[in-house]
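Okay, structure first, notes after.
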2 protein chains.
Amino acid sequence: MLIVQKYGGTSVGTVERIEAVAQRVIQTRKAGNDVVVVVSAMSGETNKLLDFAAYFSKSPNQREVDMLLSSGERVTSALLAIALSELGYPAVSMSGRQAGIVTDNFHTKARIEKIDVAQMQARLNEGNIVVVAGFQGVTCNGEVSTLGRGGSDLSAVAIAGALEANLCEIYTDVDGVYTTDPRIEPKAKKLDKISYDEMLELASLGAKVLQSRSVEMAKKLNVNLVTRSSFNNNEGTLITKEDNIMEQPLVSGIALDKNQARVTLRGVTDKPGIAAEIFKKLADSNVNVDMIIQNVGHDGTTNLGFTVPQNELEATRKAMSELKASDVVEYDSDIVKVSVVGVGMKSHSGVACIAFDTMAKENINIEMISTSEIKISLVIQAKYGELAVRALHSAYKLDK
Amino acid sequence: MLIVQKYGGTSVGTVERIEAVAQRVIQTRKAGNDVVVVVSAMSGETNKLLDFAAYFSKSPNQREVDMLLSSGERVTSALLAIALSELGYPAVSMSGRQAGIVTDNFHTKARIEKIDVAQMQARLNEGNIVVVAGFQGVTCNGEVSTLGRGGSDLSAVAIAGALEANLCEIYTDVDGVYTTDPRIEPKAKKLDKISYDEMLELASLGAKVLQSRSVEMAKKLNVNLVTRSSFNNNEGTLITKEDNIMEQPLVSGIALDKNQARVTLRGVTDKPGIAAEIFKKLADSNVNVDMIIQNVGHDGTTNLGFTVPQNELEATRKAMSELKASDVVEYDSDIVKVSVVGVGMKSHSGVACIAFDTMAKENINIEMISTSEIKISLVIQAKYGELAVRALHSAYKLDK
């Protein structure tokens, strides 16, 4: 098998931990696999470099920031290659450039355009463990670029896709994907398998294991993704295509998003194009609108509700005051969004009912509802967030 | 004018110092010059990385060490480019690869084979200050390589040569080249100009301003080299070809080398090939022999004396005991070498006489003498080293 493994900043944060990573890579190699390892910068290193840059400029030249930041992953890749070689396993480090990772020109948030695997493949064929500096690539002009947040995960998934690897393992400090946050519900269970789409819903809803970009790419490239801990030997969670999961549970997990705020515009003139105008204004202000609810109006006006991230509330206020679409705009940061996610609900009716019943039994008022094929999201008062999660977790029998 | 400036690790050791370097670069730019800056890693950084590597291996893979070490200069180059841009002077950092520096394959001590200046030239033509990560290049296979000790100086001189720069300024923490070490003789004077050959003799004799490799390359490429301090605005010392120095002083400087040890082989059989055998054995043992003295022998034997660096004395002992060329081998670490250097002595007789007279007046016994066209070296007892330097400095009127 060809396995791509990615180790994050915490997993390579000290020389001792890099040594432990080397041992784990060797286990995988000894089991008869070819291994490509993708590493992040040692934890704290990227922030140190950004602090240096911030000394000189509030908005440092982005090309230069990429040159600066790309050094961190190079250091880790060289150190891990040294550690592996010393332990008797030939290894070579490769920068993003050497690994053939070509991106577009958007410095500090570049997108991978293609991977020329020739050099990696040659090094693998020679019997090497290949250690790639994550998070980075080069533009077609030969400039160093970086991939933005979660960039090393992206590097790993893209490399796994390009090399047609059997598996892409993402090592972090958590065991995998849980039915819900174990800090809220201690009975939460680790999932063995989950579909890309479910993971996307859970990731965008606040499960911090994997960034959506990586899961999207894994889905697109059909990469079998495993997220697991580098600090123990527990099996992780396999994220794969729906077809690969034999028994689809009705519901896979419950997510809690505390980062939303609700905006309500009362008495909006009910004419064509008004909603388009409002949401175009918000988009122009770089506000990411999540749920949108509009009820049937009366008297030629309607009430329009939507949620935005709390840290975009100021930008929202500014946009709304400029637009004057409504005389009465209400803002409420004291809400949370609870979501029930599961591909099984596509083919089952009554799944939403259980959620509504559960809220009713707990006397929790539902303020907004939004549903998709594989998700039911409820906006409720913030103080009920954890209670709702535990109640739903139990109602959908996720603790069994 | 096109000026290449090189700043060492101490000069870029903190963000505050990088800011000061930016100001100095801008002064040069404001004066109407095009500027290429070559930077070292922030002081301490390279050692930190080597310590990391040493954790894993006593003899880490050299290719990986180069990948590791090359990151330090990249960081500095990006930071300086950010600082310059912020101050309103467009600047781009370039890695060794981007600057077109191609080396041979000897990792950690590579030699520059050629510089493809196209990218640097293009960036300069666009009006940029070009900031090159020193100490590094790439092999023709695209592997990262580093140039060994004094590598950033070499980068600067090679770039100055390739771009046919008018001047190559090497910034350190000393003001320039002195007639002798000011810690020994406070009356030592800074030299305005000195020839490549004189500088080579002084550098190899312990003047720590510049490594011989850089001076040799400057001579070969006909680069006008200036060494000066980054901590003040004093004029430095110009190192240039002899023809450019109008008034040749008889003697330029006095150097003291405390790092030599003397080896004497008594009663060596006086037959053809015996010296060749001895010095071949030493070369095979990686011992750098400096002065060699052989007197006319008698009774078919002769005495052979030479000096070696003190830290190669052990290797010398081992080599001599294996060879058994002499029954009596004496080792003396308690000596120093004092050298009088000056191109003027080529065309003047009596220069050596002054040295011998001076030693006689101070009652210092000369144990070995060796002369070249531009140098007289004397081996004396270590305790007289400083006294001899001061006496010679005065005898050759270097304090005037």
Side-chain angles (χ1 to χ4, degrees), chain A residues 12 14-16 18-19 22 41-42 45 48-88 90-95 97-98 100 119 122 128 131 133 138 141-144, chain B residues 12 14-19 22 41-42 45 48-87 90-95 97-98 100 119 122 128 131 133 138 141-144:
Chain A
V12 294
T14 63
V15 283
E16 290 82 8
I18 291 174
E19 184 91 29
M42 295 168 82
E45 202 57 28
K48 188 192 84 179
L49 294 172
L50 284 173
D51 286 349
F52 282 162
Y55 175 87
F56 298 110
S57 173
K58 279 183 188 162
S59 57
N61 183 298
Q62 300 289 284
R63 175 193 182 276
E64 299 304 334
V65 169
D66 277 352
M67 175 67 111
L68 185 68
L69 294 187
S70 66
S71 65
E73 284 75 16
R74 293 166 71 103
V75 166
T76 323
S77 66
L79 290 176
L80 181 56
I82 288 170
L84 289 166
S85 298
E86 181 71 13
L87 294 164
V92 281
S93 67
M94 301 187 100
S95 65
R97 179 194 308 269
Q98 291 173 332
Q119 278 199 66
N128 290 291
V131 186
V138 282
N141 301 323
E143 302 286 2
V144 177
Chain B
V12 295
T14 63
V15 283
E16 290 81 6
R17 287 191 177 170
I18 292 174
E19 184 91 29
M42 295 168 81
E45 203 56 30
K48 187 192 83 179
L49 294 171
L50 284 173
D51 286 349
F52 281 163
Y55 176 86
F56 298 110
S57 173
K58 278 184 191 163
S59 58
N61 183 299
Q62 299 288 285
R63 175 192 180 277
E64 299 305 333
V65 169
D66 277 352
M67 175 68 110
L68 184 69
L69 293 187
S70 66
S71 65
E73 284 75 17
R74 293 166 72 103
V75 166
T76 322
S77 66
L79 291 176
L80 181 56
I82 288 170
L84 288 167
S85 299
E86 181 71 13
L87 293 165
V92 281
S93 68
M94 302 187 100
S95 66
R97 180 194 306 269
Q98 290 173 333
Q119 279 199 65
N128 290 291
V131 186
V138 282
N141 302 322
E143 302 287 2
V144 177

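Proteins come first, then strands; the chains are lettered A, B, ... in the order of their sequence lines, and each starts at number 1.
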Identify the heavy atoms of B:L79 and A:A53 that sit nearest to each other, and give their distance.
CD2-N, 3.8 Å

What are the two closest heavy atoms between B:Q98 and A:G142, and how far apart are they?
NE2-O, 3.1 Å

Could you tell me the separation between the CG atom of B:L84 and the OG atom of A:S57, rounded to the nearest 0.5 Å?
12.0 Å

Side chain, backbone, both or neither of A:R63 within contact of chain B (heavy atoms, under 4.5 Å)
side chain

Report the distance from atom CD1 of A:I82 to atom CE of B:M67, rounding to the nearest 0.5 Å.
10.5 Å

Where on B:E19 is there a heavy atom nearer than 4.5 Å to chain A: the side chain, the backbone, both, or neither?
both

For the interface with chain B, which of A:S93, A:A83, A:S59 has the highest count of heavy-atom pairs at distances below 4.5 Å?
A:S93

Which one wins on heavy-atom pair count under 4.5 Å against chain A: B:R97, B:E64, B:E143?
B:E64

In terms of heavy-atom pairs under 4.5 Å, which option from A:E16, A:K58, A:Q119 contacts chain B the most?
A:E16

Chain A contact via B:A91 - side chain, backbone, both or neither, heavy atoms under 4.5 Å:
backbone

Using non-hydrogen atoms and a 4.5 Å limit, figure out which bit of A:V131 sits close to chain B: side chain, backbone, both or neither.
neither

Kindly determine whether B:Y55 and A:I18 satisfy side-chain contact (heavy atoms from CB on, under 4.5 Å), including the steps that lead there.
CA-CA 10 Å; B:Y55 176 86; A:I18 291 174; over 6 Å; no

Determine the option with the most heavy-atom pairs under 4.5 angstrom with chain B, choosing from A:T14, A:L49, A:V15.
A:V15

Atom CZ of B:F56 and atom CG of A:L80: how far apart are they, to the nearest 0.5 Å?
7.5 Å

Turns out that what part of B:V92 lies under 4.5 Å from chain A's heavy atoms comes down to both

So, taking the atom named OG1 in A:T76 and the one named CZ in B:F52, what distance separates them when rounded to the nearest 0.5 Å?
9.0 Å

Part of A:S95 within contact of chain B (heavy atom distance under 4.5 Å):
both

